[in-house]
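Position 1 is the first residue of the sequence, and the numbers go up from there.
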Amino acid sequence: MLGVIGTGYLGATHAACMAELGFDVVGVDTDESKVRSLSQGELPFYEPDLPELLAKNVAAGRLRFTTDFNELANADMHFICVGTPQQPGKNAADLSYVKASVAAVAAIAKPGSLLVGKSTVPVGTADALSASLPSHLELAWNPEFLREGFAVEDTLRPNRLVVGVQSDRAENLLKEVYQSLIKDGVPWISADLRTAELVKVAANSFLATKISFINAMAEICDASGGDVTVLAKAIGYDPRIGNRFLQAGIGFGGGCLPKDIRAFMARADELGATQALEFLREIDSINLRARKRVIELVRRDLSEALKSKRIAVLGAAFKPDSDDVRDSPALDIAVQIQAAGADVVVHDPKAIEPARKRFPALNFASSIDEVLKDAEIVLHLTEWKIYREIDPVKAKSLVSKAIIIDGRNALDRNKWIDAGWQFRALGVSDKEA
Ligand code: UDX
């Protein structure tokens, strides 16, 4: 039997996928409403393919959820999947949920069972937690690399499995659990605890760096008259560079990349290695600057005066195929423009409710037609497929002024220009109809 502690994105996905692999799984969370809905086979957030997997395994009796840690007493392995959010006003991660769940599991775990951390933690955390455990329990770290929107795929067909272990026994137990994935050829990397913790933050720092690199090139294109979309395509053909994560636009957000690079910097400070990660400070500021650059474009088009101007925002989620609005660049821009006095209306196919919860003062539209109606400028900020399918001719008949800013460089520019729109994008010089 496997225990999964924390049933957010990571935990709910891991629990359902482990049950899908045939294990008997118990998920524990302190949030009663989450446990109630998961127990009924209902997912409290949007993630493609996961609802089916959850419902199927709950119905098969292989997967259940509870608020009671005692129900983990018989588990052979306990996966710690709780959040490590950014501490308010600081760069460092809040480890209180990890510490509390390790303590709660330690109190009930049967001798010989293995605790496996999956949460993203600062290097050294696992060593410290391990030292706090009674001698009959052992800790391993098995970082998770799942992307929202592809959570099931990334868990059942990951591009690598990384385990930080302190004994051959722990590694063998983990190999048993992941046996079918290993058989499918998923690379297995065994490391010490510290390296395993570092792999996760290093990977996310690299991805953030790639995005900020191309956004820095977008700034240079804006200054010089180049086109960052062509530039990205051209450099991406070099296999040493690769074409993924080179989409210039309003930058990265979400529950991982921004807080992970900040927590990594905070940990480097503690380790006396501040300089090694100084570049991440720049990565963070390039990223936040992209949001400001969109607002500058809006101001330029509306002759600086935002007051009472009707602005349509397409997208609230931090990326498509997700209803996650944590540190969403789209919402941040919408809120900043509204704070400057504009009349902002936001549309998103999945994230309106979470967005409303976070920013109740924003206005939301439930259809694309409604959000476009009478707009003086349209901002495309999350690249949902449905936005690429908008007919620019029809859209033009709804708005008051046909100006669009493609904050994700994802729309078919020529189609919009041919329909008579003024088309703006980051890193691409203006093209008029
Ligand atoms: C990320 C990592 O990819 C994943 O491995 C890790 O486990 C968790 O963090 P996720 O937060 O789901 O996953 O999103 P990701 O797909 O990485 O996108 C992050 C942000 O970068 C989004 O806001 C996205 O819009 C933005 N992005 C991505 C770009 O701006 N340009 C790109 O080219 C790619």
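Smallest separation of non-hydrogen atoms from A317 and T382: O-OG1, 2.9 Å.
Annotation: salt bridge (Lys or Arg N to Asp or Glu O under 4.0 Å) contacts involving residues 77-88, sequence neighbours excluded, are absent. Every pair tested for salt bridge (Lys or Arg N to Asp or Glu O under 4.0 Å) that includes a residue from residues 242-253 fails, sequence neighbours excluded, so the list is empty. The salt bridge (Lys or Arg N to Asp or Glu O under 4.0 Å) analysis of residues 74-101, with sequence neighbours excluded, yields the pairs D76-K110. Among residues at least two apart or in separate chains, side-chain hydrogen bond (donor to acceptor under 3.5 Å, both in side chains) pairs with a member in residues 49-60 are E20-K56, E20-N57, N57-R62. Sorted by first and then second residue, the pairs that involve residues 249-272 and meet side-chain hydrogen bond (donor to acceptor under 3.5 Å, both in side chains), not counting sequence neighbours, are T84-K259, Q86-R262, N204-D260, R262-D284, R267-E270, D269-T274. Among residue pairs with one or both ends in residues 159-178, those qualifying as salt bridge (Lys or Arg N to Asp or Glu O under 4.0 Å) are E138-R169, E171-K175; sequence neighbours excluded.
Not a single salt bridge (Lys or Arg N to Asp or Glu O under 4.0 Å) links E197 to another residue, sequence neighbours left out. Evaluation of the side chain to side chain donor-acceptor pair (under 3.5 Å) rule for E32 yields no partner, not counting sequence neighbours. Partners of T229 according to the side chain to side chain donor-acceptor pair (under 3.5 Å) rule, which considers only residues two or more places apart in sequence or in another chain, are D227, R413. Under the ring pair (Phe, Tyr, Trp, His ring centres under 6.0 Å) criterion, F45 pairs with Y9, sequence neighbours left out. For N243, there are no side chain to side chain donor-acceptor pair (under 3.5 Å) partners, not counting sequence neighbours.
At a threshold of 4.5 Å between non-hydrogen side-chain atoms, the residues V26 and F65 do not count as touching. Side-chain atoms of V346 and N363, non-hydrogen and from C-beta on, never get closer than 4.5 Å to each other. Using a 4.5 Å cut-off on side-chain heavy atoms (C-beta onward), I377 and L379 make contact.
Note on R424 versus D301: salt bridge recorded, some NZ/NE/NH1/NH2 to OD/OE distance being below 4.0 Å. Between E144 and K200 no salt bridge is recorded (no basic side-chain N to carboxylate O distance below 4.0 Å). In this structure, R326 pairs ionically with E148, as a charged nitrogen and a carboxylate oxygen lie closer than 4.0 Å. Salt bridge annotation for K385-E389: present, with a cationic side-chain nitrogen under 4.0 angstrom from a carboxylate oxygen.
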Only distances under 3.5 Å count here; give the side-chain donor-acceptor pairs of residues 151-158 to other protein atoms, sequence neighbours excluded, each with its distance to 0.1 Å.
from, atom 1, to, atom 2, distance (Å)
D154, OD1, R147, NH2, 2.8
D154, OD2, R147, N, 2.8
D154, OD2, R147, NE, 2.8
T155, OG1, A151, O, 2.7

